[in-house]
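Note that these values count all heavy atoms, side chains included, but never hydrogens, waters or copies made by symmetry. Residue numbers begin at 1 in each chain, while the letters A, B, ... track the order of the sequences.
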Protein chains: 2
Amino acid sequence: MDDTVKRVTRRRGRTRARLLDAAFEVFAAKGFGRVSIEEVCEAAGYSRGAFYSNFATLDELFFALYGERADLIAAQVADALAHDGPDLDVPASVDRVTEVLLLDVDWLLVKTDFLVHATRDPAVARALLDHRARLREAIADRLSRARGHTELPAVLGDVDGAAHAVVAAYDGVTTQLLLDRDVEAARAWLKRLLTALLTDGGGAPRHTTTH
Amino acid sequence: MDDTVKRVTRRRGRTRARLLDAAFEVFAAKGFGRVSIEEVCEAAGYSRGAFYSNFATLDELFFALYGERADLIAAQVADALAHDGPDLDVPASVDRVTEVLLLDVDWLLVKTDFLVHATRDPAVARALLDHRARLREAIADRLSRARGHTELPAVLGDVDGAAHAVVAAYDGVTTQLLLDRDVEAARAWLKRLLTALLTDGGGAPRHTTTH
DNA sequence: CGTATCCGATACACCCATGTATCGAAAGCC
DNA sequence: GGCTTTCGATACATGGGTGTATCGGATACG
């Protein structure tokens, strides 16, 4: 049917990938709002002709870039949650998901730029919401396997609500991380928040005043 | 001593304020990264001469704008937390602070732009961290008055840790709010998260599996 | 009310990014 | 290996934002 398929695709694919990689670095370093098409091309070692042959606008490139990396992250998270036993061990799962979610600060920088971008473009917002929905799904899936083993605080509602809370904690910790750039502290905080939210007391004795 | 004080300051103050107000609107609508000096001036009803007479760069205006509004918000929060009785009623405080924190979506938009801006400029980051510290302080102050009345989950550590968690929940809910623009849903979620974090069970019966 | 100072508007020159059109070269297909 | 198609580099035209210098009118002060 479609005889108009492109003949040359190998070189094109390489340059496209290189442009995306270069864009990621430049976006992380300077921020999407302060990056020009030329800068991306220069970082990738190409001329603007290559860019316009692959993308119509910087926004389009950013969109593609985010989609690619977001898929990767989603897969990593799902993988991290799938690779433990059939029964849920909350602290272990929390540890594992924390490692994956707070792995690369550059990604968080780019992701936040994308969030800002999404607040002004409904189509972009939908893509971001989709990504978040996939994340929540993976988490909810994992949590649902815990029913019968662990209790969830009632305020959060059902399993889906708990997944929502997990993502919110992730977002909250990310904000602070972007400002102080302390990945380890962020991981520790995320663990604390998640155990506080999911285990309804953290399994530790309550903190009471001493006077 | 300082005889070089300006003689004319009334008109200047007005135009400066108008420029800041106009910038707030334009930033909220289009995003800091996509706004030019000319646009701000046009929105304010001034020419570029007025701008360069008051600010050296758009960054400088943004910095001043944020500082002004952040002070306002901090005062509102402190006020909201101070105006109830000497004893802490957690749900009531949560309600009140939720109202104040999620009042104006435009402010959240601008604040997020400022966050992105801060991730690339250490001086800006310091200003934002300062604002956050003030917020946490007000919250910790309020929480410390609750000691002896309410217990806090141990995972969060001391009162300061709890304040940290409150801010994280706020940030997390904000992210979702920016995407779906549903203020009421965001308020509900923030309340749920805060009660889950602060009251260690939410005062409601636990959610247990039914099979 | 006169005057000195300040403020903001206008005009100018400059730079930089964008987008397009063209062309040589690389890559795939036979 | 020759031929066709595609890809990306170069050159050009354009627009738009920036920053500065200058000038007229507004404002405060005596």
When the distance from [atom1] of [X] to [atom2] of [N] is rounded to whole Å, what number comes out?
X: B:Arg11; N: D:dT27; atom1: CZ; atom2: P; value: 6 Å
X: B:Arg14; N: D:dA26; atom1: CZ; atom2: C1'; value: 11 Å
X: A:Arg12; N: C:dG28; atom1: CZ; atom2: P; value: 13 Å
X: A:Glu42; N: C:dT18; atom1: CD; atom2: P; value: 13 Å
X: A:Phe55; N: C:dT20; atom1: CZ; atom2: P; value: 17 Å
X: A:Tyr46; N: C:dA26; atom1: OH; atom2: C1'; value: 12 Å

With sequence neighbours excluded, residues passing side-chain hydrogen bond (donor to acceptor under 3.5 Å, both in side chains) with B:Asp21: B:Arg69
Selection residues 166-176 of chain B - residue pairs positive for salt bridge (Lys or Arg N to Asp or Glu O under 4.0 Å), sequence neighbours left out: B:Arg132-B:Asp171
Are the charged groups of A:Arg134 and A:Glu137 less than 4.0 angstrom apart, N to O? no
Should the pair B:Lys111-B:Asp106 be classified as a salt bridge under the 4.0 Å nitrogen-to-oxygen rule? no
Do the side-chain N and O atoms of [X] and [Y] include a donor-acceptor pair separated by under 3.5 angstrom?
X: B:Tyr66; Y: B:His117; value: no
X: B:Thr57; Y: B:Glu60; value: no
X: A:Arg12; Y: A:Ser53; value: yes

With a 4.5 Å limit on heavy-atom distance, are the side chains of B:Val110 and B:Phe62 in contact? yes
Run the ring-ring contact (aromatic ring centres under 6.0 Å, His included) test against B:Phe55 and tell me which residues pass, sequence neighbours left out. B:Phe51
Taking every heavy atom of A:Ala118 against every heavy atom of A:Leu128, the minimum-distance pair comes out as CB-CD1, 3.8 Å
Let me check the geometry of the helix from C:dC1-D:dG30 to C:dC30-D:dG1. What is the bend angle between the axes at its two ends, five pairs each, to 10°? 40°
Is the distance from OP1 or OP2 of C:dG8 to the nearest side-chain N or O of B:Asn54 less than 4.0 Å? yes
Can you build the contact string for nucleotides 10-20 of chain D? Use B for base contact, S for sugar-phosphate-only contact, and - for no protein heavy atom under 4.0 Å. B------SBBB
Among residues 15-27 of chain B, which contact DNA chain C at a heavy-atom distance under 4.0 Å? B:Thr15
Going from OG on A:Ser36 to CD on A:Glu39, what distance comes out if it is rounded to the nearest 0.5 angstrom? 4.0 Å
